[in-house]
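Comments concern the structure below.
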Amino acid sequence: MASVVVVGAQWGDEGKGKIVDLLTRYADYVVRFQGGNNAGHTLVVDGQKYVFHIIPSGILYEDKTCVIGNGVIIDPGVLLKEIAGLASKGFAVTPKRLLISSNAHLIMPYHQRLDQSREASLAKEKKIGTTGRGIGPCYMDKVGRVGMKVGDLLDPSLFRDKLQANLEEKNFILTKQFGAEPVDFAGIVEQFERFAEQLAPFIGNVSMVLDQARKNGQNILFEGAQGTQLDIDHGTYPFVTSSNTIAGNACIGTGFGPSHIDEVIGIVKAYTTRVGEGPFPTELPEGDNIGDTLQQKGHEYGATTGRRRRCGWFDAVVANDAVRLNGLTGFAVTKLDVLSGLKKLKIATSYQVEGVSFGYMPENIRKARLAQPVYEEMDGWNTEITGVRSYKDLPDNAKAYLHRLEDLTGVTPAIVSVGPDREETLLLRNPFVS
């Protein structure tokens, strides 16, 4: 029996969906513990592409139980559309296969309206790059103790009372501060009554279920969204998401005791990407030949927004932040194949900021923007590696690159991905059996 947490170790989009899909083979429960539908996990199985925004990636296995924890915020319309989409492809999502925490919070229509209005009101240099899906305002209401919870759907009277109180404030802000149209009470009630009818069978106490699973000796896989540098407390604030993305939130976001976590696997791309605004020290600007190669060969577009991902060299400073903040016990290195064909590879080992050396991302956002990477250079390899199925068959320079990442971080790769498909993955160490 083991409990394993999978987190993004960079700025998100590291390929967590594929790694979770791989490890789900060995798990009984797959649990999403934070974030909302601003994150997208992409899987390619037998050439078929699947994109998940709320449901855990393990849903493609019919004998697993998928769980959405209290740390997740849920847009019911998006969730039901995702369920319907899976059904259309032959994957029936039943209450036996999906459990939703009654303590998870709901993204309401006014959250989306506020999110979009606030971002539109900001000057270009102050824009966060939000997806406009209501994530920030929903988490604000949660912390402000006025949030709408999934469990409220089961109590129509309570739901209406809380909604009415919220709309008095939200409509005032929308109309008076942003000059936007107000949100209609009756329309929301009608819409969410339909949501309640469809979602009621899936709602329950996640903490109790997971604790019983642990006592029964079952394997539990916790799936994070976004990445370490987008953590609300430890990331490049304010250019972050609105939740804690690091491994500690696997416990808070599900009601699972921290002493029961056995392994934490951090996902890193063999290079680095970032979507949206904010510091990115190793970025190769658009128009740079190598940066454009990484972007095109790696198909670097956001799974949720379709936005072009900014690309750059591997950043060992960012990776070491992830090791420290998450307590990583292993790495999963993805998209190693994208580097094939490059003559030289660079790795940032530290930053220079106004004449001072930094071995971590500066907390001061001005200094983070000024950070200049200090690189070391390695030889690349010309051989395409998507057909490789054993570590020993990787080119020597590819193995040397992986060894160097281990030397710089102190963490050994447990998984190496050499292509997008489920089978194009080298499992060097199984965290569920180690």
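Computed from a prediction, not measured in an experiment: that's the story for all the values here.
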The reported gap from OG1 in T329 to CZ in R429 (rounded to nearest 0.5 angstrom) is 5.5 Å
For the residue pair F33 and F256, is the inter-centroid distance of their aromatic rings smaller than 6.0 Å? no
Quick one about T386 and E424 (side-chain donor to acceptor, distance below 3.5 Å, no hydrogens or angles considered), yes or no? no
Is the shortest distance from a Lys or Arg side-chain nitrogen in R309 or D13 to a carboxylate oxygen in the other one below 4.0 Å? yes
So do V150 and F202 actually touch side chain to side chain, heavy atoms under 4.5 Å? no
Would you please test V67 and I220 for side-chain contact (heavy atoms from CB on, under 4.5 Å) and show each step? CA-CA 10 Å; V67 178; I220 305 173; over 6 Å; no
Before giving the answer on side-chain contact (heavy atoms from CB on, under 4.5 Å), spell out for V317 and Y351 the whole-Å C-alpha distance, their side-chain angles and the decisive distance to 0.1 Å. CA-CA 8 Å; V317 176; Y351 302 149; 3.5 Å; yes
Under a 4.5 Å cut-off applied to non-hydrogen side-chain atoms, are P413 and L405 in contact? no
Can you check whether Q352's main-chain N or O pairs, donor with acceptor, with S357's side chain at less than 3.5 Å? no
Sidechain-backbone polar pair: N397 side chain, G380 backbone, donor-acceptor under 3.5 Å: yes
Search all heavy atoms of V93 against all heavy atoms of L86 and return the closest pair with its distance. CG2-CD1, 3.8 Å
Can you confirm whether Y237 is buried at OH, in the sense that more than 12 heavy atoms of other residues, nucleotides or ligands lie under 6.0 Å from that atom? no
Show, in sequence, the C-alpha distance, side-chain angles and deciding distance for N103 and V206, and conclude whether the side-chain contact (heavy atoms from CB on, under 4.5 Å) test is met. CA-CA 9 Å; N103 281 328; V206 162; over 6 Å; no
Do N244 and D231 meet the criterion of a side-chain donor-acceptor pair at a distance under 3.5 Å? yes
Is it the case that the side chains of D141 and H105 hold a donor-acceptor pair, with the cut-off being a distance below 3.5 Å and no angle test? no
F192 vs M108, test: side-chain contact (heavy atoms from CB on, under 4.5 Å). Steps then yes/no. CA-CA 9 Å; F192 276 73; M108 304 297 292; 3.7 Å; yes
How about L426 and L394: do any of their side-chain heavy atoms sit closer than 4.5 Å? yes
For K89, I'd like to know if atom NZ has over 12 heavy atoms of other residues, nucleotides or ligands within 6.0 Å. yes
How long is the straight-line distance from CE of M208 back to OG of S101, given to the nearest 0.5 Å? 12.5 Å
dist M1:CE -> K215:NZ (nearest 0.5 Å) comes out at 11.5 Å
Report the residue from R310, R274, K335 that forms a salt bridge (Lys or Arg N to Asp or Glu O under 4.0 Å) with E300. K335
Taking N70 for its side chain and T254 for its backbone only, find out whether a donor-acceptor pair lies under 3.5 Å. yes
A quick test of your reading: do over 12 heavy atoms of other residues, nucleotides or ligands sit less than 6.0 Å from CD of E197? no
Nearest-0.5 Å distance that lies between atom CD1 in I347 and atom OG1 in T272: 10.0 Å
Search all heavy atoms of P362 against all heavy atoms of K367 and return the closest pair with its distance. CB-CB, 3.9 Å
Would you tell me whether E406 and T412 have side-chain atoms, one donor and one acceptor, within less than 3.5 Å of each other? yes
State, with a plain yes or no, whether a side-chain heavy atom of F222 is found less than 4.5 Å away from one of L210. yes
Just checking N216: does its CG atom have more than 12 heavy atoms from other residues, nucleotides or ligands closer to it than 6.0 angstrom? yes
Would one find more than 12 heavy atoms of other residues, nucleotides or ligands at under 6.0 Å from atom CG of D396? no
Does the side chain of T273 come under 3.5 Å of the side chain of W11 through a donor N or O and an acceptor N or O? no
Exactly one candidate in V275, V240, V7, T241 meets side chain to side chain contact (heavy atoms under 4.5 Å, CB included) with Q226; the answer is T241
Indicate yes or no for a side-chain donor-acceptor contact from S102 to the backbone of N205 under 3.5 Å, with no hydrogens or angles considered. no
Residue among Q10, K16, K18 satisfying side-chain hydrogen bond (donor to acceptor under 3.5 Å, both in side chains) with E14: K16
Does Q34 offer a backbone N or O that forms a donor-acceptor pair with the side chain of R32 under 3.5 Å? yes
A247 backbone acceptor or donor facing N326 side chain under 3.5 Å: yes
Assess whether a salt bridge exists between D379 and K343, defined as any Lys/Arg side-chain N lying under 4.0 Å from an Asp/Glu carboxylate O. no
CG/D321 to OH/Y360 distance, rounded to the nearest 0.5 angstrom? 9.5 Å
Measure from the side-chain N and O atoms of K399 to the backbone N and O of D393, and report whether any donor-acceptor pair falls under 3.5 Å. no
Considering only heavy atoms from C-beta outward, does the side chain of T65 approach that of D28 to under 4.5 Å? no
When you measure from the side chain of D292 to the backbone of G287, do you find a donor-acceptor pair of N or O atoms at a distance under 3.5 Å? yes
Can you confirm whether I107 sits close enough to V78 that some side-chain heavy atom of one is under 4.5 Å from a side-chain heavy atom of the other? no
Classify the ring geometry between F432 and Y26 as parallel (under 30°), tilted (30 to 60°) or perpendicular (over 60°). tilted
Donor-acceptor contact present, side-chain D75 to main-chain G77, <3.5 Å: yes
Quick check: does any side chain N or O of Y401 sit under 3.5 Å from a backbone N or O of A270, one acting as donor and the other as acceptor? yes
Measure the shortest side-chain to side-chain distance between F280 and T236 over non-hydrogen atoms and say whether it is less than 4.5 angstrom. no
